[in-house]
There are 2 protein chains.
Amino acid sequence: MYFLFKADWILVEKKAKRTKQSINREELESRILRSAEVLFAEKGYSGSSMEAIAVTANISKQNLIYYFPNKELLYKRVLKEMLDIWIEKLSFLETQGDTPEAVIRRYVREKMQLSRMYPNGSKVFAHEIISGAPVLKEYLISHLKPQFDRDVMLVKSWINKGLVDDIDPEHLFFTIWAATQTYADFSVQMEVLLGKHRLDEDDFERAELAVTDFVVRALGAKKNN
Amino acid sequence: MYFLFKADWILVEKKAKRTKQSINREELESRILRSAEVLFAEKGYSGSSMEAIAVTANISKQNLIYYFPNKELLYKRVLKEMLDIWIEKLSFLETQGDTPEAVIRRYVREKMQLSRMYPNGSKVFAHEIISGAPVLKEYLISHLKPQFDRDVMLVKSWINKGLVDDIDPEHLFFTIWAATQTYADFSVQMEVLLGKHRLDEDDFERAELAVTDFVVRALGAKKNN
DNA sequence: CTTATTGCTGACCTAAAAGACAAGTTGTTG
DNA sequence: CAACAACTTGTCTTTTAGGTCAGCAATAAG
């Protein structure tokens, strides 16, 4: 799973002899990554200093640099962690016997859950894309596009079979992504508008229902085959 | 229109004697603002140096500072310019005799056009909200929320009158905003996925059609009253 | 137990970036 | 056209941030 970027990932694949040190290393690395994620999400890449990340992770700056020799590497690792999760959880494969509606419902639900569970990773990703994807562009071309093309084809086949209405498949995906990811990225705006300090369980429940419902209606999906 | 933030806007309301200097000043100010907008959109607040903004605007850094004595002020002005445009163009008022569908169609179209015409402003706004809206939070509370509440009420009245289906009004708006703004903020991702260098006239046409259609279907709006 | 490896820290160094200041230039106005 | 205001630039200071390096501390391996 270390295929994402050229040569500049830290490769840690040496038999893993779980000594006291290696355990500590793992724990500390993930603490650093979580801290970095929070800061990158909130302040962006340039706005997050190594010093600040170190403080958040409760270590010294030099120690941080010991684990991640430079900031760009750290940033790429944070992005990578997020993408790994997304790839793992988001396949749009047509399960045997599933109706389009079922596939879509599952897809929307999983995207919503990612927004709910990894809001910071999502924000880091958003900053990156808005900024023109300087780091991720290659990845989008090599990994996301093929999957996208495949998924679009699938929806087209649904249309041809008359299982769903004649909608625009590409823009359907853009809308689904936007509508789901917004619950991570723009949560502050929603909190203000809903008059809450935090979006809670219930809000996400409603959101998931609403968005799923919108999408299903848009598809005009026929329930029985 | 200078009510947005406390006291730190530059107030320029002195009778405007259109001399050679004042014309030049206006021209230069807007050139600076456009340059700043581009950089803030791409690099975020911290990633954009005054030096770089000056270079982009083709003036010296010292001259930039003469016009905008500090970076934060410049940033706020960029945000303000964007918000002024949005407020001006986005009212969800029920025009006499208009059906819900017509109102919604107009609303979506206008939001799409904002994404198309002011992608950079939109990106700056997105960065700001994702970052927790440190500058804009007050504004969201005082200006956006009241308008939002009003618009939600309107949709509820539509529902009560049976003009549209029983959808979730709050989340309807969240979805519309997300689905339209994504064409500004995530344009790079779409370019990659559609295999284009730039989203063109035609893409936006299709996008507008798709999103409008999507929303109208979600509403289940009845065409005749 | 002692040697090698890994983890951690403090003292630097360098570059960039915000912006203060003073001095010069250009345009405006009585 | 003289005096004043608006504009522009070069120089300097301070702060911050990324990162190096040498050495000390803790742990693992023989």
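What you see is a predicted model, and the numbers here were worked out from it, not measured in a lab. Here is how names work: the chains are called A, B, and so on, in the same order as the sequence lines, proteins then strands, and each is numbered from 1. Because only heavy atoms are used, hydrogens play no part in the values below, and waters and symmetry mates are left out as well, while side chains stay in.
Residue contacts shown for A/L28 are limited to sugar-phosphate atoms, with no base heavy atom under 4.0 Å away.
For the side chain to side chain donor-acceptor pair (under 3.5 Å) condition, no pair includes a residue of residues 49-59 of chain B, sequence neighbours left out.
A search for ring pair (Phe, Tyr, Trp, His ring centres under 6.0 Å) contacts involving A/F174 returns A/F148, A/H171, not counting sequence neighbours. By the side-chain contact (heavy atoms from CB on, under 4.5 Å) test, B/M153 is found to be paired with no residue, residues two or more places apart in sequence or in another chain being considered. The side chain to side chain donor-acceptor pair (under 3.5 Å) search around A/E81 returns none, not counting sequence neighbours. For the side chain to side chain donor-acceptor pair (under 3.5 Å) test, no residue two or more places apart in sequence or in another chain qualifies with A/E208. Under the salt bridge (Lys or Arg N to Asp or Glu O under 4.0 Å) criterion, B/D200 pairs with B/K196, not counting sequence neighbours. Listed by chain and residue number, A/F186, A/L193, B/F125, B/I129, B/L140, B/L144, B/W177 satisfy the side-chain contact (heavy atoms from CB on, under 4.5 Å) test with A/Q189 (two or more places apart in sequence, or in another chain). A/K145 pairs by the salt bridge (Lys or Arg N to Asp or Glu O under 4.0 Å) definition with A/D149, not counting sequence neighbours.
Between B/Y66 and D/dC7, a side-chain N or O to OP1/OP2 separation shorter than 4.0 Å is present.
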Tabulated below should be each protein N or O lying under 3.5 Å from an N or O of nucleotides 11-13 of chain D; please produce it.
| residue | atom | partner | partner atom | Å |
| --- | --- | --- | --- | --- |
| D/dT11 | O4 | B/Q62 | NE2 | 3.1 |

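Sorted by residue number, the members of residues 41-49 of chain B with any non-hydrogen atom under 4.0 Å from DNA chain C read B/S48, B/S49. Near DNA chain D, meaning a heavy atom under 4.0 Å from it, residues 50-59 of chain B has no residue at all.
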Taking only distance into account, with no hydrogens and no angle test, what donor-acceptor pairs under 3.5 Å do side-chain atoms of residues 34-44 of chain A form with protein atoms, sequence neighbours excluded?
| residue | atom | partner | partner atom | Å |
| --- | --- | --- | --- | --- |
| A/R34 | NH1 | A/S30 | OG | 3.4 |
| A/S35 | OG | A/R31 | O | 2.9 |

